[in-house]
Participant: 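Here's a structure for you.
Keep in mind it's a predicted model, so treat the numbers as computed, not measured.
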Amino acid sequence: MSPIQAEVERRGMQIFDLVDRHPESIFSKAGFYQRMMEFSMRDEHFKVQMFRFVDVLASLRRGSDIVQHLDEYFADMRNGYAPLIRTGVSLARIVPIISGKFLRWNVSGMARQFIAGRNPEDVMKTLRKKRRQGIGFTVDLLGEAVVSEEEASEYMGRCQELLEYLARETRGWTDSLGKNSELFPVVNVSVKISALYSQMNPADPADAIAHLAPRLRPILRRAKELGAFINFDMESYAHKNATLELFRTLCSEPEFRDWPHAGIVIQAYLRDAETDLRDLIEWGRTRGTRFTVRLVKGAYWDYEKIKSTQNGWVIPVWLQKPGSDANFERLTRILLENESIVTSAFGSHNVRSVAYAQALAEERQIDRSRFEFQLLYGMAGPIKRALVDMGYRVREYSPVGELLPGMSYLVRRLLENTSNEGFLRAKFSEHVSTTQLLRDPRELLNGGVAVSAAEPEGLAGDTFASTGVSELSRNGATPEAPPADSYKNASLINFAYSESREKMRTALREVRAHFG
């Protein structure tokens with residue numbers, strides 16, 4: 001066993017010991033939410049139908065419409081809970097108005113499991129409570145991918161109001177550790193780029209930056225004046241490169257070049273995350289001012305895989321969890337090796353990932369007050385308490401907003417909680433052994449292909465089956481030749497890649513030159 005693995009296991013066991021002192025279900029709220037999650041983890045069909053129902057519920061207005069959708073999604077259940085579900089549907093038909101209100105109230109309660117408040121005033125109650133527990137915050141205004149410039153302007157205004165409110169209400173608050181606090185402002189706000197411009201298009205990142213920069217400058221300017229921190233959230237792969245370029249562009253401007261309280265997210269489930277991180281670090285050294293990277297696994301895995309498969313693109317994410325976990329550790333090492341220029345915020349509920357960051361920081365003699373751990377509101381409470389008890393800085397990602405704009409966020413959290421490979425489910429629901437949970441994810445990699453320990457036998461061989469010819473070739477596989485009388489549509493062009501955009505520009509120039 002390597003020294004780093006031994007230290008990871010020692011620290012992981014210490015975290016688990018502290019967690020076990022405060023036993024808690026994976027779901028911190030009982031009742032409706034608890035039962036729905038238990039059902040969905042036992043029955044994949046029920047899980048899919050539940051997500052469909054939750055997704056559409058916010059748009060339904062009449063109780064009869066809610067009951068109709070409930071009937072269509074759940075009346076054909078054939079699992080062990082089928083009698084209970086059919087009985088519930090039958091009762092709902094009798095009193096649709098009351099049943100509709102009851103269901104909406106319960107699903108809203110599910111959302112409140114992960115949403116810290118409806119508005120800034122509401123969220124402050126949560127932030128004060130967390131402060132007493134030694135936990136800091138980053139507040140995220142729910143809402144993404146706006147469809148009009150009016151909505152984008154409204155989001156910008158809400159960001160500015162949130163900054164002012166948090167700065168006023170937290171006046172006099174101090175950093176939980178009190179050491180190296182200049183790196184970690186108390187007020188921390190996360191901004192979603194897609195909520196600030198309605199016409200973001202991966203085919204034209206320059207247009208997106210030209211429209212986004214004027215909306216972000218006032219937010220950054222006021223944050224700088226207030227001593228607050230602004231984090232650029234990362235969303236879908238289509239917007240990744242534009243978000244990175246926007247961050248570098250704004251933070252390179254004279255007004256913000258010497259301002260260290262701006263950060264951006266790197267998603268470890270992306271195959272090109274290491275390249276992006278190294279490019280960011282090189283840019284940071286040229287700029288000459290610290291910046292922060294929040295390292296996360298990534299929350300859009302299902303979307304990226306399905307979207308890429310539909311369009312015939314190379315899938316940009318690691319297709320199995322050990323691949324993402326191993327990449328998270330690679331990126332953790334890169335961050336800590338460059339601690340002189342980048343401040344690290346490790347966003348994970350996985351004790352193995354957390355313990356690895358701790359062990360590596362200790363090996364490199366980096367004081368624990370110079371980085372932090374970030375965890376999501378409403379999840380992994382015992383792990384947060386354990387980290388605070390160990391003397392680490394902990395910050396909670398705290399969304400604020402109403403149910404409708406928070407629906408996509410809720411669905412991502414439900415997917416995470418019910419995933420067959422999720423750490424929280426493995427630890428708190430299925431009680432997987434600590435030895436297995438602390439295993440080096442590279443042990444689960446087979447010839448560069450990530451294989452999940454939780455996967456059914458035989459599935460691993462199909463790991464890259466849908467990733468396209470170029471990806472298969474890179475991994476040593478040769479697809480079978482199609483029959484001579486078959487055809488395949490050409491894949492759509494993925495303009496998230498600069499090469500695709502340049503080819504299109506070249507083609508347009510040639511056409512213009514030809515037709516004069």
Side-chain angles (χ1 to χ4, degrees), residues 4 183 193 202 205 209 231-253 256-257 259-301 304 314-318 322-348 353 356-357 359-361 363-366 370-374 440-442 445 448 450 470-471 474-475 494 496-502:
I4 191 70
L183 300 178
I193 305 306
I209 292 170
N231 196 79
F232 287 50
D233 264 353
M234 195 63 73
E235 302 173 72
S236 67
Y237 190 76
H239 298 326
K240 172 183 71 76
N241 291 331
T243 303
L244 287 165
E245 188 58 31
L246 177 67
F247 177 77
R248 287 189 290 254
T249 298
L250 285 171
C251 291
S252 296
E253 294 178 352
F256 305 114
R257 185 176 295 155
W259 184 48
H261 296 149
I264 193 165
V265 173
I266 289 291
Q267 299 163 311
Y269 71 178
L270 293 179
R271 296 170 182 271
D272 53 9
E274 182 175 344
T275 298
D276 289 338
L277 180 57
R278 291 189 183 279
D279 288 346
L280 270 175
I281 290 170
E282 182 179 350
W283 162 82
R285 293 197 180 281
T286 301
R287 176 182 177 235
T289 303
R290 291 186 76 85
F291 67 102
T292 295
V293 167
R294 176 198 290 158
L295 179 61
V296 303
K297 300 288 174 64
Y300 298 81
W301 185 90
E304 302 294 1
V314 172
I315 298 175
V317 296
W318 298 102
S324 296
D325 289 344
N327 200 37
F328 189 94
E329 295 188 7
R330 268 194 304 275
L331 302 176
T332 294
R333 180 173 288 276
I334 293 169
L335 284 170
L336 293 176
E337 286 174 348
N338 292 277
E339 198 277 336
S340 62
I341 194 64
V342 61
T343 301
S344 301
F346 300 108
S348 179
S353 301
Y356 183 85
L360 196 58
E363 179 183 80
R364 300 193 63 82
Q365 299 183 325
I366 299 171
R370 294 188 64 82
F371 58 93
E372 69 181 17
F373 293 102
Q374 295 190 5
D440 187 335
R442 290 173 298 180
L445 297 176
S470 61
E471 191 67 40
R474 284 200 293 271
N475 286 279
N494 188 350
Y497 299 110
S498 59
E499 297 87 349
S500 299
R501 297 194 297 272
E502 186 53 42

Participant: Does Asn241 reach the main-chain N or O of Ala496 with its side chain, forming a donor-acceptor pair under 3.5 Å?
Facilitator: yes
Participant: Please tell me if the side chains of Ser348 and Phe328 come closer than 4.5 Å, counting only heavy atoms from C-beta onward.
Facilitator: yes
Participant: I'd like to know if the side chain of Arg294 and the backbone of Phe346 have a donor-acceptor N/O pair within less than 3.5 Å.
Facilitator: no
Participant: If you look at every heavy atom in Ser344 and Leu336, which pair is closest and at what distance?
Facilitator: OG-CD2, 4.2 Å
Participant: CG/Leu331 to CG/Leu277 distance, rounded to the nearest 0.5 angstrom?
Facilitator: 5.5 Å
Participant: Ignoring hydrogens, what is the shortest heavy-atom contact between Arg290 and Val342? Give both atom names and the distance.
Facilitator: NH2-O, 3.2 Å
Participant: Kindly assign one of parallel, tilted or perpendicular to the pair Phe256 and Trp259, based on the angle between their ring planes and the thresholds 30° and 60°.
Facilitator: tilted
Participant: Got a donor-acceptor contact below 3.5 angstrom from the Ser500 side chain to the Asn494 backbone?
Facilitator: yes
Participant: Between the side chain of Tyr269 and the main-chain N/O of Tyr300, is any donor-acceptor distance below 3.5 Å?
Facilitator: yes
Participant: Once you round to the nearest 0.5 Å, how far does OG of Ser252 lie from CZ of Arg257?
Facilitator: 6.5 Å
Participant: How long is the straight-line distance from CG of Leu244 back to CG of Asp276, given to the nearest 0.5 Å?
Facilitator: 5.0 Å
Participant: On a heavy-atom basis, which atom in Ala273 and which in Ala268 lie closest, and how many Å separate them?
Facilitator: CB-CA, 4.4 Å
Participant: Is Arg287 salt-bridged to Glu253, cutoff N-O under 4.0 Å?
Facilitator: no
Participant: What I want to find out is whether Arg248 reaches Asp279 closely enough, with some N-O distance under 4.0 Å, to be called a salt bridge.
Facilitator: no
Participant: Would you name the heavy atoms of Ile341 and Gly284 that are closest together and state the gap between them?
Facilitator: CD1-O, 3.6 Å
Participant: If you measure from CG on Leu335 to CD1 on Ile281, what distance do you get to the nearest 0.5 Å?
Facilitator: 5.5 Å
Participant: Charged N to carboxylate O under 4.0 angstrom, Arg364 versus Glu339?
Facilitator: no
Participant: For a 4.5 angstrom cut-off between non-hydrogen side-chain atoms, does Arg271 reach Val314?
Facilitator: no
Participant: Does Arg501 have any salt bridge (Lys or Arg N to Asp or Glu O under 4.0 Å) partners at least two apart in sequence or in another chain, and if so, which?
Facilitator: none
Participant: Grab the two heavy atoms, one from Phe373 and one from Ala357, that are nearest each other, plus how far apart they are.
Facilitator: CE2-CB, 4.0 Å
Participant: Verify whether one side chain among Asp325 and Tyr356 offers a donor that lies under 3.5 Å from an acceptor in the other.
Facilitator: no
Participant: So, for Thr243 and His239, which heavy atoms are closest and what is the spacing to 0.1 Å?
Facilitator: OG1-O, 2.7 Å
Participant: Taking only Lys NZ, Arg NE, NH1 and NH2, and the carboxylate oxygens of Asp or Glu, determine whether Arg333 and Glu329 approach each other closer than 4.0 Å.
Facilitator: no
Participant: For the atom pair CD1 (Ile193) and NZ (Lys240), what is the distance rounded to the nearest 0.5 Å?
Facilitator: 14.5 Å
Participant: Would you say the side-chain atoms of Glu304 pair up with the backbone N or O of Tyr237, donor to acceptor, closer than 3.5 Å?
Facilitator: yes
Participant: Test side chain to side chain contact (heavy atoms under 4.5 Å, CB included) on Ile264 and Met234 and set out the steps.
Facilitator: CA-CA 7 Å; Ile264 193 165; Met234 195 63 73; 4.1 Å; yes
Participant: If the threshold is 4.0 Å, N to carboxylate O, is there a salt bridge linking Arg285 and Glu282?
Facilitator: no
Participant: Measure the spacing between CG of Asn231 and CZ of Phe247 and express it to the nearest 0.5 Å.
Facilitator: 8.0 Å
